[in-house]
Amino acid sequence: MNGANAMETSTIRIAIRKLPDHFDRSRITVILDEIETALMDVGGVYAKTYADSFTITVEIPTHQLMDTASCLKGLGLN
C-alpha cells in the first residue's frame with residue numbers, strides 16, 4: 001500500500017478503574033459499544049475500541065482527534 005494513502009490513527013487509553021459511575025465496569029463490551037456508538041452518532045467518528053483487564057483503548061483517525069475528545073468529554077471520560 002502506498003504510504004500516502006494510509007490513514008493516520010491516534011490511540012486514546014482510558015483506565016477502567018477511573019470510569020464514571022454511570023458505566024457498569026462488569027460489562028466492558030457494553031461500554032465499548034456505548035463509546036463507539038456515541039462517537040459515530042455525536043461526532044461522526046468511526047472508532048475501533050477494545051479492552052484488556054485495566055484499559056479501554058480507542059483508536060480513531062487522527063484528523064478527528066478534536067471531535068473525539070469533545071465527545072468523550074461529553075460522556076464523562078475526560
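Since we're looking at a predicted model, the values are computed, not measured.
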Would you mind writing out the side-chain donor-acceptor pairs for residues 14-25 within the sub-3.5 Å range, not counting sequence neighbours?
{"residue": "His22", "atom": "NE2", "partner": "Leu75", "partner atom": "O", "Å": "3.1"}
{"residue": "Asp24", "atom": "OD1", "partner": "Ser26", "partner atom": "N", "Å": "3.0"}
{"residue": "Asp24", "atom": "OD1", "partner": "Ser26", "partner atom": "OG", "Å": "2.6"}
{"residue": "Asp24", "atom": "OD2", "partner": "Ser26", "partner atom": "OG", "Å": "3.4"}
{"residue": "Arg25", "atom": "NE", "partner": "Ile16", "partner atom": "O", "Å": "3.2"}
{"residue": "Arg25", "atom": "NH2", "partner": "Leu19", "partner atom": "O", "Å": "2.3"}

With a 3.5 Å cut-off and sequence neighbours excluded, list the donor-acceptor pairs that the side chains of residues 36-43 form with protein atoms.
{"residue": "Glu36", "atom": "OE2", "partner": "Thr49", "partner atom": "N", "Å": "3.1"}
{"residue": "Glu36", "atom": "OE2", "partner": "Thr49", "partner atom": "OG1", "Å": "2.6"}
{"residue": "Thr37", "atom": "OG1", "partner": "Asp33", "partner atom": "O", "Å": "2.8"}

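Here Thr9 pairs with nothing under the side chain to side chain contact (heavy atoms under 4.5 Å, CB included) rule; sequence neighbours left out. Every residue meeting the side chain to side chain contact (heavy atoms under 4.5 Å, CB included) condition with Ser10, not counting sequence neighbours, appears here in chain and number order: Ile60, Thr62, Leu65.
Hydrophobic side-chain contacts under 4.5 Å tie Tyr50 to no other Ile, Leu, Val, Met, Phe, Trp or Tyr residue.
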Task: Verdict with reasoning, Ile12 to Thr57, per side chain to side chain contact (heavy atoms under 4.5 Å, CB included) - done: CA-CA 6 Å; Ile12 298 169; Thr57 301; over 6 Å; no
Open item on the list: Between Val58 and Thr11, does the side chain to side chain contact (heavy atoms under 4.5 Å, CB included) criterion hold? Intermediate values first, please.
Closed with: CA-CA 6 Å; Val58 183; Thr11 303; over 6 Å; no
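Once rounded to the nearest 0.5 Å, the distance linking CD of Glu59 with OG1 of Thr68 reads 12.0 Å.
Listed here is the closest heavy atom pair of Ala51 and Leu32: N-CD1, 4.2 Å.
Proximity of a side-chain donor or acceptor of Gln64 to a complementary backbone N or O of Ala47 within less than 3.5 Å is not detected.
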